[in-house]
Amino acid sequence: MSKDTNAPSRRQFLTSAAALGAGAVAASAARAAGPDPLITEVQPWASGFGDGVDVTPYGLPIRFEGDVIRRNVEWLTADTISSINFTPIHALDGTITPTGCAFERHHSGAIELAKDDYRLMINGLVDQPLVFTYEDLERFPREQHVYFCECAANTGMEWAGAQLNGAQFTHGMIHNMEYTGVPLRTLLAEAGLDAAGELKDKWVYVEGADASSNGRSIPMEKAMDDVLVAFKANGEALRKEHGYPVRLVVPGWEGNMWVKWLRRIEVTNAAVESREETSKYTDTLADGTSRKWTWVMDAKSVVTSPSPQSPIKHGPGPLVITGMAWSGHGKVTRVDVSKDGGMTWETARIAQDGANKALVRFYLDTTWDGEDWLLQSRAIDDTGYVQPTKAQLREVRGENSIYHNNCIQTWHVKANGEAENVEVS
Ligand SMILES: Nc1nc2c(c(=O)[nH]1)N[C@H]1C(S)=C(S)[C@@H](COP(=O)(O)O)O[C@H]1N2
Ligand SMILES: [Mo]
């Protein structure tokens with residue numbers, strides 16, 4: 001067969017296709033010199049069959065993504081029973097946290113509690129104390145909402161200085177899921193409580209079925225507002241580690257109040273002042289005194305890429321900076337990004353707005369010329385609150401705090417594309 005010398009070679013075709021493409025991104029993506037066998041040769045995955053549909057009845061990510069996993073920090077806790085692991089936020093995009101890599105925090109391990117053995121009691125100052133089975137709960141009208149759950153200790157290791165080199169470890173005690181459940185107010189009404197004024201000063205004390213019980217007091221106003229008794233997350237049953245079969249969802253409030261394996265709700269006249277709300281989860285101030293309670297998680301954000309675990313792997317040119325932002329008070333209305341440690345700011349693009357007490361994803365589509373950056377983000381919410389600098393927080397809180405650190409994070413992005421956790425003064 002004679003060769004048609006007028007036909008463009010594959011290489012010429014690729015080059016010109018790239019030139020016709022959408023500007024700089026396409027051109028730089030197609031800059032490879034010489035024929036690329038991944039394009040020109042038939043590959044093994046096209047020479048035979050893939051797996052049959054029965055191979056993975058319930059799927060896990062493909063093995064190439066094996067790095068996108070929860071990780072713990074061994075020195076942080078004495079054992080893994082009362083411990084925490086971290087969501088790999090540096091590798092995720094969008095807003096919903098995949099359930100299988102959503103952080104876990106247990107005080108006495110993740111228990112296995114079957115639906116048949118599940119009971120939820122409402123007692124205390126109610127007309128009619130009640131015990132619900134799992135099936136009982138399924139017969140009340142349900143709601144669906146997406147909310148973030150952030151442990152009060154998230155970023156807690158960073159108070160005294162930059163500590164952990166990765167967004168997963170500095171900011172990964174957070175997940176954001178779509179919950180299905182029954183409003184707590186519906187169950188309280190069933191027990192004879194309604195929204196009448198007499199309830200105003202009352203509280204609910206909620207506890208879990210695990211050995212720690214993780215008891216917390218919640219003021220009635222919040223209990224009657226948006227608290228959910230949830231049994232599904234991201235469309236499926238809760239995972240064991242997230243409280244199967246039923247957990248409390250306390251939108252915008254610190255993760256510790258999101259009681260897992262929920263077993264009891266007691267209506268009381270006052271806060272119980274349990275261990276979890278006195279010796280733990282309170283904030284030490286610069287003058288040595290402590291704040292009694294800090295329930296709401298203030299507005300916060302972090303750049304997830306580039307970041308120490310997600311360095312820039314390409315040369316100068318187009319770069320997408322991305323991260324996530326949230327506010328326990330309501331909606332994030334704006335996210336700014338700084339490349340110079342907070343001296344100047346550019347407003348990022350929020351991918352999808354309207355997230356009440358839920359994560360938003362932000363992007364800054366920009367150009368990186370290989371220079372050093374001190375990369376930061378700051379969130380602003382619909383109360384007008386602006387995420388503070390570390391220095392501003394320290395003025396009030398000193399350096400001996402642990403919980404509720406929502407300061408602006410800085411990554412030092414270097415000429416080689418690597419990023420490091422640093423502090424700017
Ligand atoms: N019953 C029970 N509920 C619990 C806990 C616990 O140890 N036991 N840990 C709390 C803490 S401190 C946090 S931050 C959240 C974490 O939820 P997750 O494990 O789904 O991430 O659950 C809270 N609810
Ligand atoms: Mo927590």
Side-chain angles (χ1 to χ4, degrees), residues 69-73 76-77 79-89 96-113 118-121 146-157 168 171-179 181 205-218 227-234 236-265 274-283 293-297 300 326 328 359 401-406:
I69 49 170
R70 296 186 279 231
R71 289 189 178 82
N72 59 14
V73 173
L76 213 54
T77 51
D79 57 54
T80 56
I81 300 301
S82 177
S83 193
I84 187 131
N85 57 23
F86 300 83
T87 308
I89 55 171
I96 297 292
T97 313
T99 319
C101 67
F103 88 96
E104 319 163 57
R105 168 76 175 111
H106 321 299
H107 293 79
S108 52
I111 57 164
E112 200 174 73
L113 176 53
Y118 180 76
R119 297 291 183 275
L120 172 62
M121 175 161 76
V146 176
Y147 294 122
F148 76 83
C149 171
E150 183 185 16
C151 178
N154 200 20
T155 322
M157 288 80 82
Q168 177 169 22
H171 290 76
M173 294 184 194
I174 189 165
H175 51 60
N176 192 65
M177 304 196 200
E178 184 206 61
Y179 295 97
Y205 182 68
V206 288
E207 67 183 12
D210 53 329
S212 82
S213 86
N214 194 76
R216 288 292 306 245
S217 309
I218 300 175
V227 175
L228 278 184
V229 174
F231 38 81
K232 294 277 162 76
N234 295 342
E236 63 179 359
L238 290 166
R239 297 283 168 91
K240 165 182 150 182
E241 60 268 35
H242 299 128
Y244 181 97
V246 176
R247 91 173 299 166
L248 205 64
V249 167
V250 190
W253 289 28
E254 60 184 359
N256 185 253
M257 302 174 99
W258 294 49
V259 171
K260 303 192 276 191
W261 314 291
L262 181 67
R263 74 176 284 271
R264 193 168 75 92
I265 299 165
S274 69
R275 173 185 182 274
E276 299 292 327
E277 55 199 14
T278 52
S279 68
K280 302 286 174 187
Y281 301 102
T282 52
D283 295 330
W293 286 303
T294 305
W295 294 316
V296 181
M297 302 306 290
K300 185 165 168 180
W326 60 98
L359 291 192
S401 267
I402 298 174
Y403 304 106
H404 308 106
N405 182 351
N406 68 319

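Atom set for the values below is all heavy atoms of this structure, side chains included, hydrogens, waters and symmetry mates excluded. In this text the structure is predicted, and so the values were computed from the model without any measurement. Both counts, for ligands and for their atoms, begin at 1 and track the order of listing.
The proximity of Glu150 to ligand 1, defined as any non-hydrogen pair under 4.0 Å, does not occur for either the backbone or the side chain. Contacts between Phe103 and ligand 1, counted as non-hydrogen atom pairs separated by less than 4.0 Å, involve both the backbone and the side chain. The proximity of Ser212 to ligand 1, defined as any non-hydrogen pair under 4.0 Å, is limited to the side chain.
Numbered from 1 in the order shown, with element, the atoms of ligand 1 that lie under 4.0 Å from a heavy atom of Tyr281 read 12 (S). Set against the non-hydrogen atoms of His106, the atoms of ligand 1 under 4.0 Å away are 7 (O). When each atom of ligand 1 is checked for a heavy atom of Trp261 under 4.0 Å away, the hits are 1 (N), 2 (C), 8 (N). Those atoms of ligand 1 with a heavy atom of Cys151 less than 4.0 angstrom away are 14 (S).
Residue Ala209 places no N or O, backbone or side chain, under 3.5 Å from any N or O of ligand 1. For ligand 1, the polar-atom distance check against Arg105 finds a nitrogen or oxygen pair separated by under 3.5 Å. Considering backbone and side-chain atoms alike, Ser108 places every N or O at 3.5 Å or more from each N or O of ligand 1. Residue Trp258 has at least one nitrogen or oxygen atom sitting less than 3.5 Å from a nitrogen or oxygen atom of ligand 1, judged on distance alone.
Scanning His175, Glu207, Glu254, Arg216 for the heavy atom closest to atom 18 (P) of ligand 1 points to His175.
Under the 3.5 Å distance criterion, the side-chain polar atoms of His107 are left unmatched by any main-chain donor or acceptor of Ile81. Proximity of a side-chain donor or acceptor of Asn234 to a complementary backbone N or O of Thr97 within less than 3.5 Å is detected.
Using a 4.0 Å cutoff on heavy atoms, Glu276 does not count as a contact of ligand 1.
Of all protein heavy atoms, the one lying nearest to atom 1 (N) of ligand 1 is Asp210 OD1, 2.7 Å. The single protein non-hydrogen atom nearest to atom 15 (C) of ligand 1 is Gly255 O, 3.3 Å, given as residue, atom name and distance. For atom 4 (C) of ligand 1, the nearest protein heavy atom (residue, atom name, distance) is Asn214 ND2, 3.4 Å.
For Glu150 and Lys300, the salt-bridge test passes: some basic side-chain N is under 4.0 Å from an acidic carboxylate O.
For Trp258 and Tyr179, the gap between ring centers is short of 6.0 Å.
Side-chain contact of Asn214 with Ser212: a donor-acceptor pair under 3.5 Å is absent, judged by distance alone.
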